[in-house]
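Below is one structure, written out as structure tokens; the observations come after it.
These numbers were taken from a predicted model, which means no experiment stands behind them. Letters A, B, ... mirror the listed sequences (proteins, then strands); counts begin at 1.
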2 protein chains.
Amino acid sequence: MSTTKKILIADDEPDILEILEFNLTAEGYEVTTAKNGDEAIEKAKKTSPDLIILDIMMPGKTGIEVCNLLRMMPAFKETLIVFLTAMSDEGTEIKGLETGADDYLTKPTSPKVLLSKVNSLFRRLNKEESTVIKVGDIEIDREKYIVTHKGTDIILARKEFELLALLASKPGKVFLRNEILNQIWGTEVIVGDRTIDVHIRKIRQKLEMDCITTVKGVGYKFE
Amino acid sequence: MSTTKKILIADDEPDILEILEFNLTAEGYEVTTAKNGDEAIEKAKKTSPDLIILDIMMPGKTGIEVCNLLRMMPAFKETLIVFLTAMSDEGTEIKGLETGADDYLTKPTSPKVLLSKVNSLFRRLNKEESTVIKVGDIEIDREKYIVTHKGTDIILARKEFELLALLASKPGKVFLRNEILNQIWGTEVIVGDRTIDVHIRKIRQKLEMDCITTVKGVGYKFE
DNA sequence: ATATGGGTTAACAATTTCATAATACTATAA
DNA sequence: TTATAGTATTATGAAATTGTTAACCCATAT
């Protein structure tokens, strides 16, 4: 989880492609698109995406075939692969999962649903990190929900804690505002624009230190 | 069910209007169109549609205003009303705007997506009479007062049950706090401000899942 | 009578919004 | 280049709203 997540989407409907690309890009993902199975494989090799979203019904190679081919290559053994299927055909769904996909989504689905699925996939992948983060004088224990600065405990409210933990999980990385909203609030909940700022302010206040830097027009980072 | 369903669409973009009309007509619906809010109201009165699709951004009256006006008339108390919103405002300004509406759709969206949404809306309407509500993993039996989540029964107190059943009866719809009070407590009974919150909290706790979303300053919704 | 559980309330904490100020960014003019 | 006005973004303090916990009342069962 060091850099921006890359997603490859393959679908033969330009509309779908465009909507998904727009939404995922807005969340801070780096999106590549492909119009068919062959293009998908080619672009997968070229960009090494973290997640591949495959439509099942595509001219030429179907998503299932693409998935099979990718899984044969060592480079894509661990890559997240998700199927998009228009059919409510259960046989197909099962077949897809057996093939080595990590999840499947039924189409048509709203951008919101898709986003939250995608986010939760990555979140699941993320969980394997250590529970204690140490940066400079600060120690963050994700399990005990405790922050310590130079030995003294600092009490943070839940949201404040989560926000700090997120930023501190990758010191130096700039988190886009959208990225933060997705990670902490999820895609269901919608909050106003100033909410993040206020929490940031409280963290700065309580830590008595400016370890959070504002990157205007982009987001925040921890250092 | 056998009679043709009538749909009224209001949007100021002729292109959109035409595309939607074409597709919905092809699906067997009887479609009327309106180019602005006033025309929408006028045609709604004339044709008594089963479903009204309103663009939010329209010259003259906005879709929201139209919705409010229609909802004041007894004839349209039960009519399905759906908002069309531009994708770019999703997440920021929408929020509680869906208050009087039964659902909202993001634009631009492929005709396919729209069609399936419309179809499922009508399907939902038919099911509303039934005593058993099914949403995702949750099953609510209004008659037996039993809630089941992934096979295991969950015991809810009466008020908790009624509240959940109400919210789940229209997934996605935002229920105003007042609306909830009227539906569950009636107009006679007056209870404190925190009562709803406490019940919501207990439901969330027992369901072990966050399917109830808070819409600050407005109410709650189930998804 | 005593215990139990639902429903309500009250007090306080956490979260979010709102209005306004401060700041950085951009394009244009001098 | 430098200055400047206008725009966009973030910071801040206060207010509004919601979340949480514990306590209380009341009806019913033991």
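Nucleic acid contact class of B:Lys159 (heavy atoms, under 4.0 Å, all strands): sugar-phosphate only. Nucleic acid contact for A:Tyr220: sugar-phosphate only, since backbone atoms but no base atoms lie under 4.0 Å from a heavy atom of the residue.
Residue A:Arg177 has no polar side-chain atom (N or O) positioned under 4.0 Å from OP1 or OP2 of D:dT9. OP1 or OP2 of D:dG19 has at least one side-chain nitrogen or oxygen of B:Thr214 nearer than 4.0 Å. Close to C:dT15, at under 4.0 Å from its OP1 or OP2, lies no side-chain N or O of A:Trp185.
Remark: P of C:dG5 and OH of B:Tyr145 are 20 Å apart, rounded to the nearest angstrom. One interatomic measurement links the two molecules: CZ of B:Arg158 to P of C:dT8, which rounds to 11 Å at whole-angstrom precision. Put simply, CD1 on A:Ile190 is 19 Å from P on C:dT15, counting in whole angstrom units. In this structure, the CD1 atom of A:Ile184 is 15 Å from the C1' atom of C:dA14, given to the nearest Å. Atom pair B:Ile155:CD1 and C:dT4:P shows a separation of 17 Å (rounding to whole Å applied).
Stacking of B:Lys159 on the aromatic ring of B:Phe161 is not recorded, the 6.0 Å distance cut-off and the 45° axial limit not both being met.
Of the residues in residues 193-211 of chain B, those with a non-hydrogen atom less than 4.0 angstrom from any atom of DNA chain C are B:Arg194, B:Thr195, B:Val198, B:His199.
Look at A:Glu162 and A:Arg142 and you find no salt bridge, because none of the NZ, NE, NH1 or NH2 atoms lies under 4.0 Å from a carboxylate O. Under the 4.0 Å criterion applied to side-chain N and carboxylate O atoms, A:Lys35 and A:Glu13 are not assigned as salt-bridge partners.
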*Kindly determine whether B:Lys202 and B:Asp197 satisfy salt bridge (charged side-chain N to carboxylate O under 4.0 Å, His left out), including the steps that lead there.*
CA-CA 9 Å; B:Lys202 290 197 170 172; B:Asp197 307 30; over 6 Å; no
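For the pair B:Ile138 and B:Met209, the tightest heavy-atom approach, listed with the atom from each and the gap, is CD1-CE, 3.4 Å.
In terms of modelled atom types and a separation under 3.5 Å, the side chain of B:Lys43 and the main chain of B:Thr32 share no donor-acceptor contact.
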